[in-house]
Engineer: 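Handing you this structure, nothing more for now.
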Protein chains: 2
Amino acid sequence: MTNPTLKKIAETLGISVSTVSRALKKHPDISAATRQKVLDLAQILDYEPNASAVQLRTRNSKLFGILVPSISNYFYESFIAAIEEDGRKNGYSIIILQSGNDPEIEQENLKLFRQNRISGLFACITPQTKDLAGFDKLRELETPVIFFDKIPPGQQVQAVCLADSAAGEMAAEAILHKKKKKVLALFGDRQLLITQKRMQAFTQTLTENNHTITLQTVHTCSSEEARVQTNRFLADKTNRPDTIFCMSDEILIGAMKALQENNLRPPTSIAVIAISNGFIPKLFYPEITYVETSGKQLGELAFARMLQCMERPLPPEEIILGSRLVEGGSL
Amino acid sequence: MTNPTLKKIAETLGISVSTVSRALKKHPDISAATRQKVLDLAQILDYEPNASAVQLRTRNSKLFGILVPSISNYFYESFIAAIEEDGRKNGYSIIILQSGNDPEIEQENLKLFRQNRISGLFACITPQTKDLAGFDKLRELETPVIFFDKIPPGQQVQAVCLADSAAGEMAAEAILHKKKKKVLALFGDRQLLITQKRMQAFTQTLTENNHTITLQTVHTCSSEEARVQTNRFLADKTNRPDTIFCMSDEILIGAMKALQENNLRPPTSIAVIAISNGFIPKLFYPEITYVETSGKQLGELAFARMLQCMERPLPPEEIILGSRLVEGGSL
DNA sequence: CTGCGAACCGCAAACGTTTGCGCAATCCTT
DNA sequence: AAGGATTGCGCAAACGTTTGCGGTTCGCAG
C-alpha cells in the first residue's frame with residue numbers, strides 16, 4: 001500500500017491537482033463547495049502530505065537538529081525535551097545526533113544535518129572541536145545555529161549559556177554565609193571553559209573577602225576519580241574539610257559515594273553544595289543544596305532565540321541564563 | 001547562498017545531470033576520467049545531496065522514528081543512544097518525539113512520523129494507549145514498527161521486551177538464597193503489563209517453595225509515594241522488613257531516600273534489591289544489588305530486528321532480552 | 001448589447017534526484 | 001572487413017508538492 005497523493009484525490013474528484021492543494025490549505029480562490037469535497041475525501045483516504053515533496057518544493061524542512069555529546073545525560077535530556085516540546089507546538093520535528101565527544105563524528109553529523117536541510121541547529125560542541133567549518137557551512141546556507149552550554153570560545157556566534165561565573169559565585173556565597181572554614185572544592189576537566197569560569201568565580205568569591213577560610217581544590221575527570229579524591233581528603237581525620245563543593249552532577253555522584261562509605265551524612269558531619277541540574281541532588285536525604293542550572297530553561301531560551309533568528313538575521317550574541325540557589329538541607 | 005546541485009555541477013562541466021549523478025555513486029557506466037572530474041568539482045563546491053529530493057525520488061527517507069513517553073529517563077536515553085549509534089553506522093538518522101504519556105500527543109507524533117515517511121519506528125506506548133490505528137496506518141505503508149518495553153497487550157506485533165518475568169523471578173531467587181524472612185516489595189502502576197509480569201513472577205517464586213517468608217506488597221505510582229510508603233513500613237520497629245525489593249528505578253529512588261532518612265544502610269540494617277537499568281544503583285554505597293534491564297542492549301536488539309524486518313516481512317514475534325543479576329553489596 | 005471585474009479553477013513549471021532506455025562511438029572477434 | 005559486443009553518455013520521465021499566471025464563467029452595471 002502506498003500513501004494517497006494529491007493526484008489521486010484530484011483524479012477521483014475529477015478536478016486538478018492544484019485545486020486540491022489549494023483547497024486543503026483553505027486558499028480563498030477555492031469555493032466552499034469544492035473545498036469541502038476535497039476535505040472530505042482527504043479525510044476518508046487518510047491523506048497525509050509527503051514531507052519530502054513539501055520540503056523540496058518549499059525549501060523548508062520544518063526540522064531542527066540537535067547535536068550533543070551524548071543523549072544520556074540529565075542535563076542534555078531536559079534541554080532536548082524542552083526543544084522537542086516547543087518544537088512540536090510550532091510544527092517542527094527534531095533530529096538528534098550525538099557526537100560521543102568525537103570531533104570526527106561531529107563532522108559527520110553536521111553533514112547529515114546539512115543533507116537533511118534542517119531549518120536550524122542547536123549545538124553543543126565537543127571539548128576538542130577546533131574546526132568550525134562544518135558549522136560555518138550551515139550558516140552560509142542561512143541555517144541559524146544556536147550554540148549552547150559548551151560554545152566555541154572567542155567566536156562571534158549565537159549562543160545561550162548557563163551563568164557559570166554567577167553559579168560559582170552563588171555557591172561560594174552560600175558557603176560563606178554558613179561560616180564554613182575548610183572547603184574542599186571538586187572541579188572537572190580544567191581544559192573546559194565551563195570549569196575555568198566556575199572555578200575562577202568560586203575561588204575568588206570565597207577567598208577575596210575572607211582570610212579565615214581555607215580552600216583545597218581538586219580536578220577530576222570522572223565520578224570514580226571524584227570518589228577516590230574525596231576519600232583521600234576524608235581520611236585525614238585531624239584536618240578534614242567541613243564542606244564539599246561539587247562543580248557538576250558527575251562529581252557530586254562520586255563525592256556522595258565517598259561520604260556514604262565514610263558514614264557521613266550532611267549537614268551535621270559535613271556540608272555539601274553543588275552546581276547541578278537538580279536530579280541527582282534530590283536522590284539523597286537530606287536533599288543536596290545546589291545552584292540550579294536548568295536544562296529545560298536553557299532549552300526554552302534557546303528555542304525562543306531560534307525563532308527570532310529565523311525571522312530576521314540577528315547580530316551574534318551570547319545570552320546568559322541566570323541561576324538560583326535551591327536549598328536542600330545539606331549545607 | 002544556496003547549495004550546489006547536480007545541475008550546477010553538470011553545467012560547469014558541460015555534461016548531463018544523469019552522468020553527474022552516476023559518477024558520484026561510482027556507476028560502472030561512467031569512465032574513470034569523467035568520474036574523477038565530477039568528484040573533484042563536487043569536492044570543491046561542497047556538494048551535498050538534497051535529502052528531500054533523494055527521499056522523494058527513492059521513497060526511502062533513511063530516517064528512523066523513536067516514540068517514547070519521555071526522553072528524560074535513563075532507560076530510554078540509553079535505548080535511544082544505542083539506536084542512534086547503530087543507525088548512524090548504517091546511514092540512518094533518527095527523529096525523536098515524546099508523547100508525555102498523552103495518547104493524543106502520541107497520535108499527533110505518529111502523524112508527523114508518517115508525513116516524514118520514516119523508514120521504521122521504534123515505539124514505546126503510553127499506558128493509556130488503546131487505539132492502535134496510528135500504528136496500523138504505518139504498517140499499511142509497509143513501515144516496520146518495533147514496539148519496545150511497553151507494548152500493546154494481546155496484539156500480533158513485532159516487539160522486543162525485557163524479561164520481566166525472568167527478572168522478577170531472579171530477584172526473588174536472590175532473596176531466597178540469602179535466607180531473608182520479611183520482604184517488602186514495592187511495585188508500580190498495577191495497570192501496566194510490566195508491573196503485572198514482574199509482580200506475578202516475583203511473588204510466585206518467593207512464596208511457592210517457602211512458607212517461612214512473609215511478603216508485603218505495595219503499589220506506588222511515583223518516587224515520592226514510594227518514599228512515603230517505605231517510611232510507613234520502617235516505622236513499625238517491632239515488625240520491620242529485613243529486605244526491600246524495588247520493581248523499578250523510580251521506586252528505588254524513593255525507597256533509598258526513606259532508608260537514608262531512617263539512617264539505615266544496607267546490607268547490615270536492611271537489605272535492598274531492585275530491577276534497574278544500572279545507573280541509580282551505582283549512586284549509593286554500597287552499590288545496590290540489581291537485576292539488570294539494559295536499555296542499551298534492548299536498543300541493539302531492537303535495531304537488529306528492525307534491519308531484519310526491512311529486508312523481508314517477518315511474522316510478528318515478541319523477543320525477550322535476558323537479564324542478569326549484578327551484585328552490589330546491598331543484599 | 002458590450003465591457004468589466006469578481007469568483008473559480010487549471011496549466012505548467014519548478015524543487016533536486018534517480019534510472020530505464022536509447023544512441024553513438026569504440027572495441028574485439030573470426 | 002564485417003559483424004556483434006562493449007563502453008560511455010544523454011534524454012526524459014518520475015517522485016509529490018506549490019504557485020504564478022492565465023483562462024473561463026458568471027453577474028452586473030453602463
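All chains are named by letter (A, B, ...) in the order of the sequence lines, taking the proteins before the strands, and each is independently numbered beginning at 1. All figures in this text were calculated on a predicted structure; none of them were measured in a lab.
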Engineer: If you compare every side-chain N and O of Ser16(B) against the phosphate oxygens of dG10(D) (OP1, OP2), does one of them come in below 4.0 Å?
Structural biologist: yes
Engineer: Among dC9(D), dT19(D), dT17(C), which nucleotide has an atom closest to any side-chain atom of Ser21(A)?
Structural biologist: dT19(D)
Engineer: dT17(D) C1' sits how many Å from Lys8(A) NZ, rounded?
Structural biologist: 15 Å
Engineer: So Thr34(A), base contact, sugar-phosphate only, or nothing? Heavy-atom distance under 4.0 Å.
Structural biologist: sugar-phosphate
Engineer: Can you tell me how far CD of Glu104(A) sits from CD of Gln128(A), rounded to the nearest 0.5 angstrom?
Structural biologist: 11.5 Å
Engineer: Any salt bridge linking Lys111(B) with Glu48(A)? Criterion: basic side-chain nitrogen under 4.0 Å from a carboxylate oxygen.
Structural biologist: no
Engineer: Looking only at side-chain atoms of Thr19(A), point me to the closest of dT17(C), dG10(C), dC9(D).
Structural biologist: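 Closest nucleotide among those given: dG10(C).
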Engineer: Starting at CD1 of Ile30(B), measure out to CD1 of Ile15(B) and round the result to the nearest 0.5 Å.
Structural biologist: 7.5 Å
Engineer: Check the distance between dT19(C)'s C1' and His27(B)'s NE2 and give it to me in whole angstrom.
Structural biologist: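 Whole-Å distance recorded here is 8 Å.
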Engineer: Looking at Gln191(B), I want to see if its CD is surrounded by more than 12 non-hydrogen atoms of other residues, nucleotides or ligands under 6.0 Å.
Structural biologist: no
Engineer: Could you check how far CD of Gln55(B) sits from C1' of dA14(D), rounded to whole Å?
Structural biologist: 16 Å
Engineer: Ser31(B) side chain: which of dC9(D), dT17(D), dC11(C) is closest?
Structural biologist: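 The closest nucleotide is dC9(D).
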Engineer: If each of Thr58(B) and Ile30(B) is mapped to the nucleotide of DNA chain D with the nearest heavy atom, which maps nearer the 5' terminus, i.e. the 5' end?
Structural biologist: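 Of the two residues, Ile30(B) wins.
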Engineer: Nearest whole Å is fine: how far is dG16(D) C1' from Asn60(B) CG?
Structural biologist: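 These atoms are roughly 16 Å apart.
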Engineer: Of the nucleotides dC15(C), dC21(C), dG20(D), which has the atom closest to the Arg22(A) side chain?
Structural biologist: dG20(D)
Engineer: Taking the nucleotide of DNA chain C with the nearest heavy atom to each, does Ile15(A) or Lys25(B) sit closer to the 5' end?
Structural biologist: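 Looking at DNA chain C, the more 5' nearest nucleotide goes with Ile15(A).
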Engineer: For the side chain of Asp29(A), starting at C-beta, report the closest nucleotide among dT17(D), dC9(C), dT17(C).
Structural biologist: dC9(C)
Engineer: Any salt bridge linking Lys37(B) with Asp40(B)? Criterion: basic side-chain nitrogen under 4.0 Å from a carboxylate oxygen.
Structural biologist: no
Engineer: What's the closest nucleotide to the side chain of Val17(A) if the choices are dT17(D), dG16(C), dC15(D)?
Structural biologist: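 Nearest listed nucleotide: dT17(D).
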Engineer: Can you say whether a donor on the side chain of Arg117(A) sits under 3.5 Å from an acceptor on the base of dG16(C), or the other way round?
Structural biologist: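 No, no donor-acceptor pair under 3.5 Å.
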Engineer: Please tell me which of the listed nucleotides, dC11(D), dT17(D), dT17(C), lies nearest to the side chain of Asn50(A)?
Structural biologist: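 Of the candidates, dT17(D) comes closest.
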Engineer: Atom NZ of Lys7(B) and atom P of dC11(D): how far apart are they, to the nearest Å?
Structural biologist: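 These atoms are roughly 13 Å apart.
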Engineer: Below 3.5 Å, does any donor atom in the side chain of Ser18(A) face an acceptor in the base of dC11(C), or the other way round?
Structural biologist: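 Indeed, a donor on one side and an acceptor on the other fall under 3.5 Å apart.
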Engineer: Within this structure, what is the CG-to-P distance between Asn116(B) and dC15(D), rounded to whole angstrom?
Structural biologist: 20 Å
Engineer: Starting at CD1 of Ile94(A), measure out to CG of Leu112(B) and round the result to the nearest 0.5 Å.
Structural biologist: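 If we round to the nearest 0.5 Å, Ile94(A):CD1 and Leu112(B):CG are 11.5 Å apart.
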Engineer: Using heavy-atom distances to pick each residue's nearest nucleotide on DNA chain D, tell me which of Gly14(B) and Glu48(A) is more 5'.
Structural biologist: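 Nearest-nucleotide comparison on DNA chain D picks Gly14(B).
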Engineer: OP1 or OP2 of dA14(D) less than 4.0 angstrom from a side-chain nitrogen or oxygen of Arg59(B), does that happen here?
Structural biologist: no
Engineer: Measure OH/Tyr47(B) against C1'/dT17(C) and give the value in whole Å, please.
Structural biologist: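 Interatomic distance, OH of Tyr47(B) to C1' of dT17(C): 7 Å.
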Engineer: Once you round it to whole Å, what is the distance between P of dC9(D) and NZ of Lys37(B)?
Structural biologist: 8 Å
